[in-house]
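Reviewing the structure listed below.
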Amino acid sequence: DTEVTQTPKHLVMGMTNKKSLKCEQHMGHRAMYWYKQKAKKPPELMFVYSYEKLSINESVPSRFSPECPNSSLLNLHLHALQPEDSALYLCASSHPWGSTDTQYFGPGTRLTVL
Amino acid sequence: GIQVEQSPPDLILQEGANSTLRCNFSDSVNNLQWFHQNPWGQLINLFYIPSGTKQNGRLSATTVATERYSLLYISSSQTTDSGVYFCAVDSPQGGSQGNLIFGKGTKLSVKP
């Protein structure tokens, strides 16, 4: 099964809210990723976790806080977001050495910040 | 960092037509993937193809790593092929393992 699941599918939040995005995979992958995609643009990498440790943080503002509680689960905690953070947030996973293997993407969470 | 250029940016086809999408990249790559993003935003894996040729039904892809380009062929196009096709690469020189750099995509519209 090559499935990555993400919840919720849609999220609307105010600038003072705290919310979390969830991503799950059961393929035994040990690398997991968060990407952000603005409308009509390509996805851009935010974070990479390898063996549950944060290995890449692409200069993302601290209002985005990732967490990898176990090898199957990846969260993105959101706090004090801005309207320009509205985007499609995509999670992906791959085998341990992510650079040399296929990344599988979830369906995304479409976030709107009011 | 590595640059990824896709062409054409937009493509309109009549159902049943064939097409070729191109991806040029500026440096050697460990990973090259082709994706189809459907209108709901789902990125669907088409090929993992850092080199060589692969085929899957009506789709095939070829990457010539020494010349730094990849081609995606779509034959007998169907309306369900509509969407955006992305090429994404990861370069060992980039210093970031697992950091897929996406091209800007080719938006394909297949008319019935």
Side-chain angles (χ1 to χ4, degrees), chain A residues 1-6 8-11 23 27 29-51 53-60 74 86-111, chain B residues 1-7 9-10 21 23 25 27-52 54 56 61 63 65 83-109:
Chain A
D1 183 13
T2 55
E3 188 179 26
V4 177
T5 59
Q6 290 188 243
K9 286 187 169 48
H10 301 273
L11 179 62
C23 173
M27 295 179 276
H29 291 168
R30 301 303 295 275
M32 296 186 76
Y33 313 81
W34 280 115
Y35 288 82
K36 174 181 178 179
Q37 186 177 21
K38 299 282 282 183
K40 300 189 189 303
K41 298 287 188 184
E44 292 182 340
L45 185 71
M46 300 174 72
F47 301 105
V48 180
Y49 273 83
S50 181
Y51 290 92
K53 287 186 170 38
L54 184 64
S55 62
I56 296 177
N57 175 343
E58 293 286 355
S59 303
V60 178
L74 185 66
S86 298
L88 179 68
Y89 288 83
L90 293 160
C91 174
S93 71
S94 70
H95 281 292
W97 199 233
S99 174
T100 57
D101 208 341
T102 305
Q103 289 190 24
Y104 294 91
F105 282 78
T109 293
R110 203 166 291 276
L111 174 68
Chain B
I2 192 168
Q3 304 297 313
V4 184
E5 293 183 1
Q6 290 186 244
S7 59
D10 295 279
L21 282 57
C23 172
F25 43 95
D27 209 340
S28 59
V29 297
N30 283 333
N31 181 351
L32 188 148
Q33 290 185 239
W34 283 99
F35 295 94
H36 173 214
Q37 188 164 41
N38 66 23
W40 297 272
Q42 172 79 60
L43 271 171
I44 300 162
N45 284 294
L46 299 177
F47 296 102
Y48 168 78
I49 188 165
S51 63
K54 290 185 178 179
N56 184 3
T63 297
V84 181
Y85 289 80
F86 286 107
C87 168
V89 304
D90 185 14
S91 168
Q93 281 72 30
S96 295
Q97 299 300 310
N99 182 0
L100 280 182
I101 305 297
F102 284 74
K104 291 184 177 178
T106 291
K107 184 177 179 182
L108 175 64
S109 299

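Chain A is the first sequence line, chain B the second, and so forth, proteins listed ahead of strands; every chain is numbered from 1.
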Report summary line: Pair count under 4.5 Å, heavy atoms only, with chain B: among A:P43, A:G108, A:P107, highest is A:P43
Requested in this report: Using non-hydrogen atoms and a 4.5 Å limit, figure out which bit of B:F47 sits close to chain A: side chain, backbone, both or neither.
Outcome: neither
Requested in this report: Sequence neighbours left out, what pairs pass side-chain hydrogen bond (donor to acceptor under 3.5 Å, both in side chains) with at least one residue falling in residues 36-48 of chain A?
Outcome: A:Q37-B:Q37
Requested in this report: Apply side chain to side chain contact (heavy atoms under 4.5 Å, CB included) to the pair B:L100 and A:Y35, showing each step before the final yes or no.
Outcome: CA-CA 10 Å; B:L100 280 182; A:Y35 288 82; 3.4 Å; yes
Query raised in the report: side chain to side chain donor-acceptor pair (under 3.5 Å) with A:W34: which residues, sequence neighbours excluded?
Result: none
Query raised in the report: To the nearest 0.5 Å, what is the distance between CH2 (B:W40) and NZ (A:K9)?
Result: 13.5 Å
**Report entry** A:P42 versus B:G103, closest heavy-atom pair with distance
**Finding:** CB-O, 3.2 Å
Report task. Work out which heavy atom in A:T102 is nearest to a heavy atom in B:Q33; give both atom names and the distance. Result -> CG2-NE2, 3.4 Å
Query raised in the report: Among B:L32, B:L43, B:N38, B:I44, which has the most heavy-atom pairs under 4.5 Å with chain A?
Result: B:L43
Query raised in the report: If only atom types and distance count, is the side chain of B:Q42 paired as donor or acceptor with the main-chain N or O of A:F105 below 3.5 Å?
Result: yes
